[in-house]
Amino acid sequence: MIPNVAPAPADSPEPAAAATIVSGTPRRTTARRFSAARLFSTPASIAGVIWLAAMVVASLTAKLWLPFKTEDQDFTAVLSGPSAAHWLGTDELGRDLLSRIFSSAAGTLGTSMITVIVAVGLGTLLAMLAAAAGERMEGIISRVTEIMMSLPGTVIILAVIGAVGTNIPMVMAILGVLISAGIYRVMLGQAKSLQSQLYVDAAKVDGVSSAGISLRHILPGLTNTIVVQSALIFAVGMLIQAGLAFIGFGPPLPQPSWGGMIQGASQHVYDTPWLMVPTGAVLALTVLAANAIGNALGKAPNAAASHLPSAAARRQRAKAVAAIAAADPITAADPITAADTVPGDGAPAHSTAANRLSVRNLSVGVDDSVRLVTDVSFDVEPGTVLGLVGESGCGKTMTALSLLGLLPSGVSVTGGQILWNGRNLAAATDKSMESIRGREIALISQEPMRALDPMFTVGYQLTATIRRLRRTGKAETKAEALSLLEKVGIVDAGRILRTYPHQISGGMAQRVAIALALAGRPRLLVADEPTTALDVTVQAEILSLLRSLVKDTGMSVVMVTHDLGVVADLCDQVAVMYAGQVVENGRTDSILDNPHHPYTLALLAADPHVNDAAAMPERLATIEGQVPQPKDWPDTCRFAARCQFAGSACLVPIPLLPSGTGDGVVRCVKADELAVEGLDWIATDIPTSRVLHLAPAGPAGAAPRTTEKDPT
């Protein structure tokens with residue numbers, strides 16, 4: 001495995017400083033910062049906060065600023081519209097609508113919160129108790145909540161009103177108890193899922209009590225659901241409270257309420273329709289404000305960005321595609337006829353060879369213009385395999401995803417060409433890429449479950465894909481599905497078609513994912529670390545399968561991997577990437593046997609699998625430091641800060657130059673010098689004086705002696 005981050009030197013103060021910052025940040029402060037960021041993350045949530053805050057403040061201070069009392073009557077302006085004296089008009093008794101609406105706002109919002117607190121609090125508590133206490137307690141609580149859900153809520157509320165009168169706080173609390181049964185059903189499934197997580201098992205091993213686990217691990221996982229359900233119940237509480245007041249079970253007269261005002265307005269809907277507008281609009285806006293806040297707070301702060309781009313992202317991507325198409329006369333729909341060359345690398349820019357991938361000066365960046373991939377160029381001939389290698393953060397996956405137009409939201413191709421069968425895919429629209437994905441270029445992801453839906457059987461997903469891509473009949477589709485599973489090495493194909501993804505092993509799931517990728521008979525397969533999540537035996541089987549597919553079908557493969565053993569075993573060409581650039585490119589045997597770039601030297605020196613027993617060094621080399629962030633990439637050699645051979649000649653932009661090994665290229669001004677002198681990357685992370693050497697063992701049973709190497 002290629003190391004990603006080398007250990008920091010002992011005298012380096014950065015790690016300690018970082019640890020101080022992390023440990024010194026209170027958890028509550030962090031939580032508040034995330035909550036505030038989400039609360040004000042959208043215009044709708046900002047408007048919702050402002051509206052609810054204004055309603056509460058205005059209602060609590062109504063006596064200080066309202067021009068009229070709620071019971072004041074103006075018989076000269078009965079059922080009047082908005083005027084200078086009455087901004088929102090008056091009701092059938094000449095009472096000011098503005099004063100009555102804002103005076104009753106605090107009571108309406110406050111009693112609705114009673115429903116939220118009781119319903120969500122009780123439902124969540126019961127769900128956590130049932131999930132933690134076992135099946136017997138869960139059965140008891142579930143039966144009780146089922147009985148509660150079967151009760152007629154409206155009848156119970158009316159019966160309570162008949163027994164104790166219109167005590168709105170009590171009525172809303174009872175409503176919360178009835179709703180808590182539904183909240184319990186929503187929370188229970190999520191709480192049980194959280195109880196099965198590995199970190200909960202670890203907490204049990206550490207001796208944390210059931211109550212501690214529920215409060216520390218389960219409750220935080222339910223936060224997003226609690227927020228969303230609270231917003232929903234808050235809105236439901238206001239509407240039910242307004243409905244009760246509408247039918248005469250609201251606060252006693254003359255105390256105003258939104259439902260009572262709507263009921264009075266309904267009697268004059270034909271002669272004075274305006275009377276319904278102010279109160280109805282305020283109620284509707286308050287419900288919308290609560291839902292907007294719930295939607296904003298319900299977004300998980302650590303959720304992965306959706307691969308489905310937003311409207312803004314689609315517009316940004318469309319602009320980038322249009323800019324590329326304008327800069328390049330070869331568009332996504334036009335055949336390639338030119339035979340120009342790209343200055344600097346000597347490779348043909350345009351080629352009409354069938355099923356040949358030619359990437360030229362590809363750049364990928366985010367919307368704020370930070371580039372993630374810079375001027376990447378390589379070719380993939382039909383029936384060959386190209387390996388993209390490098391540390392994490394070097395741009396391998398972004399380069400691979402750009403070939404299919406599957407870059408994450410907010411990321412797009414900002415320049416260059418992706419030439420495939422006479423089309424420039426870098427300038428292709430999302431709609432035109434639909435005819436390419438699956439049919440001509442397919443993807444195998446690192447995690448097979450990303451390609452398999454747990455809700456459907458393997459057979460359903462495979463046959464649906466075949467029908468969509470090939471337009472075949474039912475019988476032919478099923479036969480092709482069986483053939484694909486057999487082609488990827490699955491013996492009992494008929495049984496696998498009837499199983500669900502969770503019923504098969506990881507290696508079997510990866511084989512099914514490969515079969516899905518082959519359903520459209522693609523000519524290019526993009527494999528993003530397809531063996532990383534598998535054990536060694538299954539890895540060998542998958543690699544053998546890919547090798548057979550390339551040989552039998554003649555398709556080409558772009559393989560993203562960290563494993564140089566996979567590159568040596570499978571790839572014909574290899575492109576070594578560092579910090580968004582290709583630093584060395586050429587035939588696999590040439591690069592592995594005679595690397596010219598110091599980064600390639602370092603990767604080989606750090607991999608124990610590329611050394612035989614006789615040539616195994618006493619200590620594997622490491623690469624100090626880590627790959628810099630894209631915003632910190634220099635204009636000079638990007639590897640110079642970590643390179644053992646860097647000098648003043650490296651402080652200039654370095655182009656790709658011929659490496660002297662056939663058609664290979666390398667991005668290093670010292671490549672020839674290193675090759676001539678035969679220099680190797682050496683281990684420098686431990687001072688020479690600290691390297692210990694084993695001395696010959698003494699008498700039988702005695703421990704071996706160690707001696708320190710003299711630094712002189």
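Everything numeric here is computed off the predicted structure, so don't read it as measured data.
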Inset, instruction - Would you mind reporting whether Ser556 and Glu381 have side-chain heavy atoms less than 4.5 Å apart? - result: no
Legend entry - Close side-chain approach of Thr414 and Val364, heavy atoms under 4.5 Å: no
Inset, instruction - Answer whether the closest heavy-atom distance between the side chains of Cys394 and Gln581 falls below 4.5 Å. - result: no
Inset, instruction - Locate the shortest heavy-atom distance separating Ala640 from Cys650; write the atom from each residue and the value. - result: CB-CB, 4.3 Å
Legend entry - Note, Ile436 side chain near Asn421 side chain (heavy atom, < 4.5 Å): no
Inset, instruction - Identify the heavy atoms of Pro595 and Leu592 that sit nearest to each other, and give their distance. - result: CD-O, 4.0 Å
Legend entry - Residues which pass salt bridge (Lys or Arg N to Asp or Glu O under 4.0 Å) with Glu480, listed by chain and number, not counting sequence neighbours: Arg470
Legend entry - Minimum heavy-atom distance Leu469-Ala519, with the two atoms named: CD1-C, 4.1 Å
Legend entry - Flag if over 12 foreign heavy atoms under 6.0 Å of CG, Asp552: yes
Inset, instruction - For Pro630 and Val370, work out which heavy atoms get closest and say how close. - result: CB-CG1, 3.7 Å
Legend entry - Note, Val389 side chain near Thr561 side chain (heavy atom, < 4.5 Å): yes
Legend entry - Heavy-atom pair of closest approach, residues His562 and Gly390: ND1-O, 3.1 Å
Inset, instruction - Using distance alone, with no hydrogens and no angle criterion, decide if Ser432 and Thr429 have a side-chain donor and acceptor under 3.5 Å apart. - result: yes
Inset, instruction - For Thr600 and Glu584, test the side chains for any donor-to-acceptor distance below 3.5 angstrom and give the result as yes or no. - result: yes
Legend entry - Side-chain heavy-atom pair Ile418, Leu357 within 4.5 angstrom cut-off: yes
Legend entry - Exercise: do Tyr578 and Arg642 side chains pair donor with acceptor under 3.5 Å: yes
Legend entry - Salt-bridge criterion met for Glu541 and Arg511 (N-O under 4.0 Å): yes
Legend entry - Passing option when Leu546 is tested against Val557, Val385, Leu525 for side-chain contact (heavy atoms from CB on, under 4.5 Å): Leu525
Legend entry - Leu407 side chain near Val413 side chain, heavy-atom distance below 4.5 Å: yes
Inset, instruction - Scan Asp379, Asn424, Asp375 and name whichever one has a side chain to side chain donor-acceptor pair (under 3.5 Å) with Arg360. - result: Asp379
